[in-house]
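For reference, the structure discussed in these notes is given below.
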Amino acid sequence: MPNEIRCGLLLVVVLTTGVAAAGDALAPAAIPLSRGRLFEEQGGAALFASVCAGCHQPDASGASGAAAYPALAENGNVSSADYMERLLLNGQRGMPPVGQMMSDQQIADVMNYVRTHFGNAYGEGVSPEDVGAARRQMGSSP
Amino acid sequence: MRRRDLLLLIGATAGATAMYQAMTRLGFAAESPYRGPITLEGDPKGASVIILGAGLAGMTAAYELARAGYKVQILEYNTRPGGRNWTIRGGDTYTELGGAAQQCLFDDGLYLNPGPWRIPYHHHAILDYCRRFGVALEPFIQLNHNAYLHATEAFGGRPQRIREIKADFEGAIAELLAKATRKGALDEAVSKEDQEILLEALRAQGGLDKDFRYKAGDDAADFRGYARDPGGGLAAAPSNGEPIGLHDLLTSRLWRGLQNFALYDFQTTMFQPVGGMGRIGEAFARQIPKVIRYGAKVTAIQQDDHGVAVVFEDLHGGGSVEEATADWCVCALPLSILSQIDVNVSAPMKAAIDAVPYASVVKTGLQFRRRFWEEDEQIFGGISYTNLPIRQISYPSTGFNAAGKGVLLGGYTWGGPNSYELTAMSPADRIKVALDCGAQIHPQYASEFETGISVAWHRVPFTLGCAGEWTDETRRQHYGNLCQIDGRIVLAGEHASYIPAWQEGAILSALDAITRLHKRILASR
Ligand SMILES: Cc1cc2nc3c(=O)[nH]c(=O)nc-3n(C[C@H](O)[C@H](O)[C@H](O)COP(=O)(O)OP(=O)(O)OC[C@H]3O[C@@H](n4cnc5c(N)ncnc54)[C@H](O)[C@@H]3O)c2cc1C
């Protein structure tokens with residue numbers, strides 16, 4: 001169970017004994033915190049919000065500074081499952097291999113989520129077995 | 001003449017650098033490749049070098065090349081020098097990727113070093129530049145025996161003093177080893193005479209009593225301290241606390257935290273600049289007046305037989321596109337950025353530029369109206385380590401024992417799922433997590449907190465990440481190619497070093513790059 005629960009419990013103490021110095025910061029954070037070396041979020045939406053959104057942004061519109069995080073919204077490149085699997089398992093330039101901290105099921109879920117949201121419509125096609133095969137081929141372990 | 005006398009003689013006649021070089025040849029001080037200020041001999045005959053990025057790597061290159069007679073200019077995205085060498089002070093504003101803007105409301109004189117914050121004694125190059133450029137240093141307290149080790153599952157979640165865990169762990173091991181020795185279990189491995197010395201050492205180092213036991217008593221108290229400290233006058237005798245048993249120590253896993261004080265990179269003495277790490281970048285910039293063009297976002301780098309042309313957007317001038325040219329280029333941009341820039345280098349170098357992901361790291365600074373860690377808990381500097389998502393709480397290494405406010409580093413999460421999860425949160429939520437977690441160690445958080453600021457490095461607009469993460473495999477495949485001079489371009493920065501994620505690596509990489517470039521330029525005439 002993600003750590004949010006334990007921190008959340010503590011928040012009750014903060015609320016009853018403390019001054020509301022944190023201003024609006026009174027509800028527990030919406031994003032849970034995993035306890036180990038692997039992401040504990042389940043389901044494409046939760047994984048996207050906890051992992052991908054930090055860079056690609058919650059609406060998948062990307063972000064730009066001295067370099068950019070590409071938009072995943074309306075992005076034809078996500079039509080290629082092979083490309084996405086490679087990206088998540090091996091990383092690519094500024095994109096770290098975050099899939100190495102996910103199970104095959106989690107990777108399939110977050111891929112399917114991106115491929116069917118944000119103006120993308122590329123079917124629910126990716127299965128954990130597909131991801132497992134790609135993982136073995138690339139010699140990467142979960 | 002004995003070796004030490006020879007060294008004193010060299011020191012007296014030839015100055016510190018010669019002394020240092022001699023020491024190194026004689027086998028002392030062999031730990032760093034830095035050999036004192038470099039000299040680039042030979043006339044560059046007006047050759048020009050364009051440098052990309054005013055981090056420590058870029059500014060080191062600019063300073064030394066200018067001293068050698070080159071015409072230098074730097075293009076820098078930010079409106080300040082230093083790059084990752086950066087301090088956020090009260091009054092500063094910071095807008096991260098995604099658009100969340102934070103205004104730092106810390107009181108005057110209080111700050112957060114969101115990136116680099118400590119310098120090991122063996123990072124000779126950065127220490128030398130601090131000395132030459134007049135950056136005042138003070139000790140950075142890494143090990144404070146009175147700070148805590150904490151794990152949610154250990155000792156009912158109650159934080160334990162580092163002093164007690166360290167003394168009890170080492171004492172218990174010494175007792176075990178003494179027992180084994182006296183039972184003859186080491187007879188095959190250790191001679192009788194050496195066993196005597198070993199026992200003597202275990203007793204002295206482990207706080208064992210005359211019977212080689214580690215237990216509540218004066219010998220253990222010399223290391224672990226007291227349940228009640230010795231006082232003055234009547235009823236002043238100390239009382240000894242009961243050591244934690246070996247089983248509890250082992251299963252608590254708190255011993256894991258002890259290596260944070262033993263590793264080479266974290267051994268005392270460590271340093272920090274007085275007033276914030278950013279003082280170093282500011283001092284470098286003062287040495288190269290008018291060289292840095294701020295608000296210049298590099299978007300393309302093209303070289304041919306005659307020179308290098310760099311395309312950049314003038315962020316102050318409404319994004320108008322300009323071009324700057326020079327004979328040579330030192331590119332000191334992070335690879336997370338450079339990998340997205342159009343640059344015509346060889347295929348192996350381009351592959352190297354693309355091969356290095358950047359670490360995910362989050363730091364959060366919290367201002368409290370009272371230095372309760374000092375007043376209530378006698379923690380003066382140092383770091384408490386925890387398995388909570390914040391990983392550490394670092395107490396300020398300055399302003400000790402004074403009334404008034406203070407800023408804690410309330411979280412420093414490096415890698416793993418938590419670093420990404422925190423990055424995905426709003427700054428306000430990251431601060432909330434830091435408060436919720438920190439209050440499990442210091443309940444005073446609830447009543448003393450005033451204001452905070454949080455930096456998630458993958459959202460930092462000028463680096464898109466903390467530092468290059470090499471593996472043995474990527475180093476083997478790509479590191480050599482990354483460090484080559486490619487036509488008229490050479491790369492520099494922490495990523496082009498074997499000390500990644502340290503400022504020393506950035507500086508040493510720049511010194512090596514320009515030394516080779518200078519040779520190449522003189523030879524190309
Ligand atoms: C969280 C954290 C903790 C650290 N802790 C320590 C520590 O305790 N001690 C220590 O010694 N080191 C530490 N480091 C490492 C240290 O900060 C770096 O190794 C060093 O500062 C890197 O210097 P650099 O010159 O290579 O890169 P940078 O400082 O990143 O310089 C690159 C410059 O290029 C500019 N730039 C980027 N893109 C463009 C563009 N498109 N156009 C123009 N300019 C651009 C940037 O604005 C920046 O100024 C830490 C780093 C982080 C992030």
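In this text, all values refer to a predicted model and were calculated from it rather than measured experimentally. The chains referred to below are lettered A, B, ... by the order of the sequence lines, with proteins before strands, and numbering in each begins at 1.
Residues B/E421 and A/P32 form no side-chain contact, since every pair of their non-hydrogen atoms from C-beta on lies 4.5 Å or further apart. Between B/V433 and A/L33 the shortest side-chain heavy-atom distance falls below 4.5 Å. Looking at B/Y420 and A/C55, their side chains never come closer than 4.5 Å, going by heavy atoms from C-beta outward.
The greatest number of non-hydrogen atom pairs below 4.5 Å with chain B, out of A/A67, A/G91, A/A49, is found for A/A67. Between chain B and the options A/G94, A/G54, A/P58, the largest number of non-hydrogen pairs under 4.5 Å is found for A/G54. With chain A as the partner, the residue from B/G157, B/G98, B/G416, B/S336 showing the most heavy-atom pairs under 4.5 Å is B/G98. Options B/I341, B/T423, B/V460, B/L97 differ in how many heavy-atom pairs under 4.5 Å they form with chain A, and the most are formed by B/L97. Annotation: maximal heavy-atom pairing with chain A below 4.5 Å, among B/P461, B/P334, B/P417, occurs at B/P417.
If you take CG on B/N387 and CZ on A/R35, they are separated by 10.0 Å, rounding to the nearest 0.5 Å. Separating the CG atom in B/L464 from the CZ atom in A/R93 is a distance of 13.0 Å, to the nearest 0.5 Å. Between the CE atom in A/M101 and the OG atom in B/S360 there is a gap of 7.5 Å [rounded to 0.5 Å].
Heavy-atom distances place both the backbone and the side chain of A/A68 under 4.5 Å from chain B. Looking at A/S61, there are no atoms closer than 4.5 Å to chain B (heavy atoms on both sides), in backbone or side chain.
Listed here is the closest heavy atom pair of B/K297 and A/S64: NZ-OG, 3.9 Å. Taking both residues in full, the closest heavy atoms of B/A424 and A/S50 are given as CB-O, 3.5 Å, listed atom of the first, atom of the second, then distance. Summarising the geometry of A/P96 relative to B/P357, their closest heavy-atom pair is CA-CB, 4.1 Å, with the distance given to 0.1 Å. Taking each heavy atom of A/I31 and B/M425 in turn, the nearest pair found is O-CE, 3.4 Å.
More than 12 heavy atoms of other residues, nucleotides or ligands shown are found within 6.0 angstrom of CG on B/D342.
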